[in-house]
There are 2 protein chains.
Amino acid sequence: MNSKKNKVYTSINALLDKLNIADGMTISFHHHLRNGDKVLNLVMTAIASRNIKDIHIAPSGIFPCHEPLVEMMKNQTVTAITTSTFNPGPVPQAISRGVLKNPVRLMTHGGRARAIEQGDLHIDIAFIAAPTSDCEGNLNGTNGPSACGYLSYAYADALCADVVVAVCDNLVDYPAYPIEIPENRIDYILLTDSIGDPAGIVSGTTKVTSDPTKLLIADQTAELIAELGMIKNGFSFQTGASSTSLAVAEKVKRIMQQNHVVGSFALGGIHAYLVQMLQDGLFKALMDTQSFDLESIASARMNKNHIGISASQYASPAAKSCLVDKLDVVILGATEIDENFNVNVITNSAGTIIGASGGHSDCAAGSSLAIVVSNLTKKQYSTVKKRVTTITTPGDTIDAFVTEYGIAVNPRRTDLLNKLKNTSLNLVSISKLREKALSLGAVDARPQTSNRTIGFVEYRDGTIIDTIKAITD
Amino acid sequence: MNSKKNKVYTSINALLDKLNIADGMTISFHHHLRNGDKVLNLVMTAIASRNIKDIHIAPSGIFPCHEPLVEMMKNQTVTAITTSTFNPGPVPQAISRGVLKNPVRLMTHGGRARAIEQGDLHIDIAFIAAPTSDCEGNLNGTNGPSACGYLSYAYADALCADVVVAVCDNLVDYPAYPIEIPENRIDYILLTDSIGDPAGIVSGTTKVTSDPTKLLIADQTAELIAELGMIKNGFSFQTGASSTSLAVAEKVKRIMQQNHVVGSFALGGIHAYLVQMLQDGLFKALMDTQSFDLESIASARMNKNHIGISASQYASPAAKSCLVDKLDVVILGATEIDENFNVNVITNSAGTIIGASGGHSDCAAGSSLAIVVSNLTKKQYSTVKKRVTTITTPGDTIDAFVTEYGIAVNPRRTDLLNKLKNTSLNLVSISKLREKALSLGAVDARPQTSNRTIGFVEYRDGTIIDTIKAITD
């Protein structure tokens with residue numbers, strides 16, 4: 001005869017009693033609900049109301065919707081944060097101003113999985129937003145009213161955290177399937193009215209640009225890849241969901257169609273353009289770490305070759321192998337790039353944190369061709385600096401930088417330079433690009449910062465590659 | 001730019017060189033290829049030819065095809081064995097005669113997963129037979145010429161072993177999918193001509209009995225379950241693939257159809273009868289730990305609600321929950337049962353090892369109703385003993401014993417006895433069943449054994465619940 005423990009709680013307070021939440025604990029979340037996430041605020045508000053202090057939160061990402069954290073940083077409910085994704089908003093702004101007691105620890109997606117699996121980032125309690133679960137915690141992200149796609153970044157948390165809580169607004173009959181995270185990893189289920197706002201779950205940036213400058217950059221990028229002979233059968237590709245990245249995807253798609261090329265896989269954050277390429281037979285598989293739009297969520301539900309992968313399988317440098325190491329071409333963004341090709345996506349030119357590495361340095365390190373695309377100037381600033389404000393991705397992992405004024409290939413890549421010798425591509429040195437920006441009236445100014453360190457940039461292997469200083473207003 | 005390590009070896013000897021195989025290592029395998037498995041022999045023969053000694057093998061199961069182990073036990077290549085499945089054959093026979101240097105350690109399926117995940121069973125190298133893999137080790141068991149169904153028992157090995165080798169005869173383009181075990185858990189791939197003999201992969205016992213005695217037992221069993229009101233919407237069920245078990249499944253199916261009952265899930269080893277019940281809508285899902293036949297393998301490939309689960313999710317007592325604890329009814333076999341309802345499935349009445357617990361004690365412990373079915377006599381022996389030769393499953397987890405001469409309900413289950421008071425079922429005490437067997441001329445004899453301990457029976461939580469002595473010829 002069996003003895004069945006009830007895992008399901010409907011009261012966050014009853015659950016917190018059971019969990020013995022205490023000062024100084026490390027609590028994690030995942031960010032697949034993006035700016036529609038209600039789980040972090042739900043849990044942290046309940047914790048704050050208990051006058052618990054010194055919580056270390058370790059979400060895979062923080063979005064503008066997490067603004068309540070600002071007050072919690074001020075009153076020292078939260079005194080430490082470790083994350084791998086920031087969208088610009090009140091939380092990183094407050095951190096930049098020195099509101100968080102301890103320096104924020106910024107990781108890469110692969111680095112976060114590595115740190116969790118190797119014990120560098122020990123999680124006391126993981127709260128996993130679960131769009132569908134049963135009463136024992138067999139859960140998935142692809143079904144239910146708050147469906148957000150695969151929960152890739154949460155897999156390491158579920159595997160390694162001492163206690164794992166699924167937070168769910170769609171409790172279904174046992175057994176729920178598909179099973180992304182199985183019940184044997186789940187301690188409790190917190191049932192709540194809604195875990196996510198559908199309007200915020202979908203990213204706002206998933207349209208191809210109509211800006212002629214950006215389209216020119218995308219054209220040049222696609223041509224660069226093609227001239228290098230990399231758009232061929234079996235090639236693999238990652239691009240983000242920025243409007244320029246999508247334009248690159250669109251142009252790569254046309255080249256593939258013209259030349260009847262079938263690629264191996266597209267990787268990373270998945271959006272409608274990649275889903276369409278899968279359905280058109282241009283890629284054999286999508287290897288998905290997060291969904292950016294409804295088309296991608298639906299595809300994850302329906303297409304067997306649209307595959308959810310863990311952050312570890314995606315990019316952990318400690319994994320026995322990972323997908324970024326099989327990646328041929330990745331298109332990356334940049335806030336700043338310097339003459340050594342170091343890239344900054346963390347701080348803007350005012351020194352305010354506006355992002356985190358995400359998969360940036362993972363993909364740059366793993367891929368055969370890491371291309372950074374950006375307008376040469378942004379507002380009054382040159383994108384190319386003598387030295388970036390904050391190193392996110394080391395320059396020796398970046399292969400080319402494409403702007404509307406030409407393409408700078410990393411001089412280290414003599415192989416690429418040789419292949420491109422007789423092409424019509426406008427190849428320039430990166431220092432010439434900086435000169436061009438300055439000649440256009442853009443400036444290369446470093447932000448005003450204080451001496452106070454408010455953040456550490458951790459490379460994927462855990463080494464600190466830069467520090468971030470508080471801004472002065 | 002990426003640096004790619006080649007994981008694929010075509011020579012077992014080159015791989016063994018790389019692995020630094022050494023005396024005293026623990027090496028694991030899984031048994032989903034059953035009596036068609038070629039991987040254990042391939043690896044162990046290569047190890048033996050290097051004159052390596054004192055290997056501890058920890059396969060999830062051992063079959064007659066693994067006969068070469070007998071010689072390896074004799075020459076001390078293999079001096080220790082830990083397993084959770086034995087089919088009768090030369091290896092357990094030799095162990096029973098004292099050929100293995102150290103006592104064999106017999107676990108349950110859930111206990112093996114627990115021991116691996118908690119570090120009680122540390123594996124140096126896991127060799128995982130992989131019916132389909134790509135060059136990085138994304139692998140599955142449901143595709144390829146040696147498809148054997150889900151590889152459930154290997155998941156803990158892949159997660160916890162220091163080094164994991166996929167042994168594959170069907171290397172496909174990257175990325176292989178579906179992904180049962182991902183590349184980030186795989187160190188090497190050994191490519192070989194054939195990992196399995198299809199004729200041996202399929203179990204030989206998957207037909208409903210035509211023996212009238214066994215059919216009577218099956219009838220009584222189904223009636224018992226029905227009288228207890230357990231064949232109702234949402235109920236869950238596990239039965240093995242013995243001919244009597246299949247007859248029970250067949251009769252339960254008819255009752256479900258007559259009463260328009262839709263169950264929740266069927267669990268454990270899956271066969272064509274359960275697949276048919278899934279496809280007829282009689283169960284919502286199949287929760288699969290191994291496939292017994294081709295229909296089950298095909299169903300795992302095609303049906304979204306035919307779900308592969310880990311041994312940990314199946315039955316680990318250390319898991320945050322597991323499926324056996326959700327199980328309503330399980331049908332179990334017995335070599336012997338005693339007046340305290342203790343069951344033996346490990347040794348026969350001659351004292352020779354012919355089995356191991358598998359999921360027997362896991363399911364008995366977890367389920368609401370654990371029914372043992374058996375003929376009352378086997379050859380000259382009474383199935384009911386004063387005391388079983390070897391305790392596999394403690395009697396306090398067994399609820400009823402069904403024979404052709406009546407049904408003995410465990411007196412501990414007064415609730416069941418009350419419910420059955422006014423039925424026409426032939427309820428008898430278990431001691432009366434023993435008397436009946438003796439009156440028919442069967443004997444309750446204990447086997448001739450020596451004082452030498454040749455095996456330990458580990459309960460699912462790791463406690464030793466019995467020892468096995470060497471037989472005397």
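Lettering follows sequence order; numbering is per chain, from 1. Computation of the quantities below employed the complete heavy-atom set of this structure, encompassing side-chain atoms and omitting hydrogens, waters and symmetry-equivalent molecules.
When heavy atoms are compared at a cutoff of 4.5 Å, B/Ile186 approaches chain A solely by way of its backbone atoms N, CA, C and O. Heavy atoms of B/Ser316 lying under 4.5 Å from chain A are absent altogether. Proximity to chain A (any heavy atom under 4.5 Å) is restricted, for B/Cys135, to the side chain, taken from C-beta onward. No part of A/Pro178 comes within reach of chain B, as not one of its non-hydrogen atoms sits under 4.5 angstrom from that chain. Using a 4.5 Å cut-off between heavy atoms, B/Val330 makes no contact with chain A at all. Of the two parts of B/Leu159, only the side chain, counted from C-beta on, holds a non-hydrogen atom closer than 4.5 Å to a non-hydrogen atom of chain A. With a 4.5 angstrom heavy-atom cutoff, B/Ala285 touches chain A only via side-chain atoms. With a 4.5 Å cut-off on non-hydrogen atoms, A/Ser310 touches chain B through its side chain but not through its backbone.
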#### Entry: Residue pair B/Asn138, A/Ile307: steps toward the side chain to side chain contact (heavy atoms under 4.5 Å, CB included) verdict
CA-CA 12 Å; B/Asn138 293 300; A/Ile307 299 155; over 6 Å; no
### Task
Check the pair A/Ile179 / B/Met287 against side chain to side chain contact (heavy atoms under 4.5 Å, CB included), numbers first and verdict last.
CA-CA 11 Å; A/Ile179 300 175; B/Met287 308 303 272; 4.0 Å; yes
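Between atom OH of residue A/Tyr177 and atom CD1 of residue B/Ile309 there is a gap of 15.0 Å, rounded to the nearest 0.5 Å.
For A/Pro182 against B/Gln313, the heavy-atom pair with the smallest separation is CB-OE1, 3.4 Å. Across every non-hydrogen atom of B/Lys284 and A/Pro175, the tightest pair is NZ-O, 3.3 Å.
Every side-chain hydrogen bond (donor to acceptor under 3.5 Å, both in side chains) that B/Asn143 has, sequence neighbours left out, goes to B/Asn140.
Side chain of A/Lys326 to backbone of B/Tyr174: no donor-acceptor contact under 3.5 angstrom is found.
Taking chain B as the reference chain and counting heavy-atom pairs below 4.5 Å, the highest number among A/Ala319, A/Ser321, A/Gly137 is found for A/Ser321.
Applying the salt bridge (Lys or Arg N to Asp or Glu O under 4.0 Å) test to every pair with at least one member in residues 301-324 of chain B, sequence neighbours left out, gives these pairs: A/Asp187-B/Lys320.
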